[in-house]
Every structure is written in C-alpha cells, then in structure tokens.
K.L.:
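Can you read through this structure? Questions will come right after.
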Protein chains: 2
Amino acid sequence: MGTTQLESVPEPKYWHLKTVISEALDSEFQVGEILPNERELAARFGVARATLRQALEQLELEGRLQRRRGVGTTVAPPRVGVDVSTAQHRWPGAGDASWQPLDCATTPPPAAVLRLLEADTEPGADAVGSVFAVRRLRATHGQAVAAEQLYVPAASVPGLVPADSPAGPALAHAVLHELQRLPLEGQDRAVELGSARADDARELDRLPGSPVLVVTTRYLSGGRTAAVSVATYRADTCRLTFGDVGDLGIAS
Amino acid sequence: MGTTQLESVPEPKYWHLKTVISEALDSEFQVGEILPNERELAARFGVARATLRQALEQLELEGRLQRRRGVGTTVAPPRVGVDVSTAQHRWPGAGDASWQPLDCATTPPPAAVLRLLEADTEPGADAVGSVFAVRRLRATHGQAVAAEQLYVPAASVPGLVPADSPAGPALAHAVLHELQRLPLEGQDRAVELGSARADDARELDRLPGSPVLVVTTRYLSGGRTAAVSVATYRADTCRLTFGDVGDLGIAS
DNA sequence: TAGTGGTCTAGACCACACT
DNA sequence: GTGTGGTCTAGACCACTAG
C-alpha cells in the first residue's frame, strides 16, 4: 500500500481513503492477510485515526475487511452464499443439517411477532398468550452465520402442554418434531437490515450492534400463521441466495 | 485474596443511549416529528456529540430515524415492504409499473458481472465484450426505493446492433422490449449488504456510502445467463419481501 | 443569514487477545 | 506486559436547507 498523501478534493477524505484502500486490497493483499494497525495507517495517510476508522468501517460493512479487537484488521474472504429460498416448503428442523437447535423456553412473544401471529385470526378468537420460543443456530463450514428465534404458538403443537414442558434442548427438539405433523401450506419471507442484539451478537461472534440481515418468515398452515421465525444473519460474511433455478433442473 | 470478578461490565454509553432514545421514540414521539438537534441532545444526555451521533447512526440503520443535513432528525415511518420475489418469472420491464427506465449505454461490464455472464458459457465461446447497460429506477408511493443497473449482452438482443444504437432512454426501452422475445427459463437471486455508490446515492436521495441492500439477479434463457441485474435498495426505508403465499391462493 | 447534520482533529482511556 | 481495535471527549470547520 502506497504512502501517497491525499490530494485536496471536494469529496470527503474518508471516502477517498476508502477507494484507495479498496484498490490496495485488490492489488497488494491476500485473503487473511493482516493490515498495518490503525494508528500506523492513519499516520501513513496523514489523517486522524477517527477518519481512517470511518473508511475501515465502510469496507467492513461491504465485507472487504474483518476487524477483531486485540488482534487486528484482516482481509476478509468473499462472502458465503447462504440459501434462504422457500422453494422446498418444509418446516424448520426438517432435514436441514445446517440448523442446530439449542434451547427452548415458553414466553410471551414480542409485539412485532404477536402482530404477525394474530394478523389472520378471526376477531373473538383466543388471543395468543404465550409461545414456545425455540433458539437455533445456523453454521456453514464450521462458521456460525445466523441465530434464529422461532416462535410457535401452543395451538400449533397440541401435543405439548407448556406447563408440563421444562425448558431446555429437549423441548426444542420436541417442538420441532411436533410441528411436522401440521400440513405446511406456504411461507412468507422478508429481509431487512438490523443491528445485532446482545445475545445474537454473542452467538455470532460479533459485537452488539453489528449490522445484520434479519430474515422474518411466516409459516402458514390451516389458513393461519402457525409459526414465525426471526433469523439474524451476519451481514459482513453472508450473501443470502434465493435461487429458484434448481426447480427447473438447470445446473448453475 | 483473589480479585473477585465483579460482573458489572460497563455497557458502552452509545448503546445505553440508543436504548433510552429508542424507548422515547416509542412513547413520546409521532412519526415525522423532529427531534431536538444533536448539540442539544448531547448536552441533555451529558455526552459528547460524537457519542450521541453513534447512537443516532444505529437508530437510523434500524430504520427508526431519518437524518437530513440542513433540516434535522425526524422519526421515520415504518419500512415499506417491497416485493422482490421471483415467483412471476417475467423479464425486467414486463408489466411492472413500479420500475421506470431512465437510460441506456453500451459499456464493458464490471468484473463481478462479467463473472456471472461467463460462468456458464463453454470454453472457447465468444467472450462477452460489451453489454447494454440499462439504468432503471423503482418508486413506490412517490418515493424512490431502488436504482438498478441491468446488464444485457448483445447476444441476448440480436435485433439490436450496439454500433447503430445511440445511447439514451429510447435505447433503454428498445433493449427491454427485445428481451421479451427470449424464453425466460429461470431466475437466480441474491441479497447482500452494501454501501451506495455515488450515482445510486444521488438518485435515491441519500449520501454516498449509505447502507443499501444489493439484489443481484441472473436471468436464464437457453441454459445461459441472458441478463444480470444489480439493484440497490435503500436499507433504511425498505423491507424486501419474498412472499410465495400468493402462489397458493391464500390471502395474506 | 441562521441553524442543521456531516466531516475532521488530536488527544485519552478501556477491553481484549496474544505471548 | 504489549499491542490491537473500541469508546469517548471537546473542540473546529464545512455543506446544506430554509426563512
């Protein structure tokens, strides 16, 4: 990486800096290679450390860099494609080895989830009081890429009585198993940008507040929302794929 | 006497600040309302302006706030759902009024796009030299939500000769029209986080570098990639939806 | 022209990962 | 202990919008 001083330009320094570093990454660095530390980079470019950090932050947002406290800044590998298509019409936990159930508790659902669960119930129907909240982790190539909270109303798993079910991994498996008994009629998926909650951040090995892609899924059965999944994917390392090409038998 | 580990891990100030402001937004503010300016908010909370800004940045990332230079910080409306499902199997420009063609030029494709265009060609086939680059804008409720660059190799629109086609809006329409003649066999879609390029930012009324959701689509015809679309959605205001519920005739 | 958010500086200290 | 990135401060000036 060169040591050229920044020319005076109308565009912000951090923006120009980002471009310069980005080009250096392409031409002079290998994946996994460690960059000079922030204080040295700032001095080399003749800017304050905060300005240099603004450029690094953007490059990390774009998946070009990875920064770890106490270690350093490294060149990130290309993002991994993670399939999140709804083509297969399967319940969560049905034959997808990348998902690992961790735990389950019974809890009142958050307001946003409650809205999805009750959106299609008739007025006067029983309110959704408490739900099974299954916690799952998704890993690919040994790396955790997503943490999920799956909300299942008791009505969707009539074989399980909340009061009789001690929270824990065993309950998580039981809930997923019971779900398979319902006919799955459709799914509804949305993706948006969010920032990692403290618990998700811990399981994804990120700092709280890191940018994440939040995938919300409604599972439909019997004309109702039988379950709601809120999955949090690492935005720095993941590319979410929705290929439907496989349906048509065309090799990719 | 060992040093007993006191569990009080100091939460970063900006994180706590974010929580406090977030709760205030829920209880004390209406959508569209203007917050006190940053200098006053910082003074009110007893922190430096930079720290206050770190909290506001996260809230803007989550779509809770909207900040405009020279104007102020306002409470953002809920994100709008934008359908990006591939269920309809249609070419771009076929009967979707939300997309508006703007312009078209002939240009060599960027390296990343070239890789997608040539991934499935046989060795020895003609290289993709130059492509039609159609620029489109997507708007909902009068608001621009996405800017797209659609790359169409000349081989996909044999009715058009690059050398004879003056760049401009008319060419954009012509390319989209010619595309319809090909049989569409499938689509391949991916979503990832990015930051807005300068030109996208201008059309989306954002600052360069703003977080965006990048949707990359491959259109397949004749076993080949007939076109590649790179669409940049505003991450602050958009929620991308992939509903396949409509396929099954279930009302949402 | 006045007021806003955006950029930038030059420091300081802290939490964490290595050795 | 040493070195890294993460947080925080108290200023300054700039770019933009609106009255």
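Here is how names work: the chains are called A, B, and so on, in the same order as the sequence lines, proteins then strands, and each is numbered from 1.
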K.L.:
Please tell me if B:Asn37 has a side-chain N or O lying less than 4.0 Å from either OP1 or OP2 of C:dT4.
P.N.:
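Checking B:Asn37 against C:dT4: at least one side-chain N or O falls below 4.0 Å of OP1 or OP2.
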K.L.:
Relative to each other, are the rings of A:Trp99 and A:Tyr233 parallel, tilted or perpendicular (30° and 60° limits)?
P.N.:
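Because their plane-to-plane angle is over 60°, the rings of A:Trp99 and A:Tyr233 count as perpendicular.
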K.L.:
Can you list, in residue-number order, the parts of residues 48-58 of chain A that come under 4.0 Å of DNA chain C, counting heavy atoms only?
P.N.:
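Heavy-atom contacts with DNA chain C come from A:Ala48, A:Arg49, A:Ala50, A:Thr51, A:Gln54.
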K.L.:
Rounded to the nearest 0.5 Å, what's the gap from CG on A:Leu17 to OG on A:Ser22? Could you check?
P.N.:
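Going from CG on A:Leu17 over to OG on A:Ser22, the span is 11.5 Å.
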K.L.:
Measure the CD1-CZ distance between B:Ile21 and B:Arg64 for me, rounded to the nearest 0.5 Å.
P.N.:
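The distance works out to 10.5 Å.
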K.L.:
With the threshold set at 4.0 Å, does a side-chain nitrogen-carboxylate oxygen contact exist between A:Arg138 and A:Glu148?
P.N.:
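A salt bridge is absent here (no side-chain N lies under 4.0 Å from a carboxylate O).
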K.L.:
Now, which nucleotide makes the Watson-Crick or G-U wobble pair with D:dG19, with each of the two distances under 3.5 Å?
P.N.:
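Pair assignment: D:dG19 / none.
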K.L.:
Which value, rounded to the nearest 0.5 Å, describes the distance between A:Thr73 atom OG1 and A:Glu33 atom CD?
P.N.:
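Answer for the OG1-CD pair, A:Thr73 versus A:Glu33, is 12.5 Å.
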K.L.:
First and last nucleotide of DNA chain D touching chain B, 5' to 3', heavy-atom cut-off 4.0 Å?
P.N.:
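Here the contact window of chain B covers D:dT7 to D:dT17.
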K.L.:
Can you tell me the distance, in whole Å, between the CZ atom of B:Arg69 and the C1' atom of C:dA2?
P.N.:
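Atom-to-atom, B:Arg69 to C:dA2, this comes out as 17 Å.
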K.L.:
Could you tell me the separation between the CH2 atom of A:Trp15 and the OG1 atom of A:Thr51, rounded to the nearest 0.5 Å?
P.N.:
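Answer for the CH2-OG1 pair, A:Trp15 versus A:Thr51, is 15.5 Å.
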K.L.:
Which residue in the set A:Leu213, A:Val191, A:Leu240, A:Thr217 passes side-chain contact (heavy atoms from CB on, under 4.5 Å) when paired with A:Val84?
P.N.:
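Among A:Leu213, A:Val191, A:Leu240, A:Thr217, the one meeting side-chain contact (heavy atoms from CB on, under 4.5 Å) with A:Val84 is A:Leu240.
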K.L.:
Which part of the nucleic acid, if any, lies within reach of B:Arg39 when heavy atoms closer than 4.0 Å are counted: base, sugar-phosphate only, or nothing?
P.N.:
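Here B:Arg39 touches the bases of the nucleic acid.
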K.L.:
Verify, without hydrogens or angle tests, whether B:Arg234 (side chain) and B:Ser210 (backbone) share a donor-acceptor contact under 3.5 angstrom.
P.N.:
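Such a contact is absent between B:Arg234 side chain and B:Ser210 backbone.
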K.L.:
Between A:Asp205 (CG) and C:dA17 (P), how many Å, whole number?
P.N.:
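Atom-to-atom, A:Asp205 to C:dA17, this comes out as 9 Å.
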K.L.:
Take A:Gly70 and B:Gly70, find for each the nucleotide of DNA chain C with the closest heavy atom, and name the residue whose nucleotide sits nearer the 5' end.
P.N.:
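Final value for this comparison: B:Gly70.
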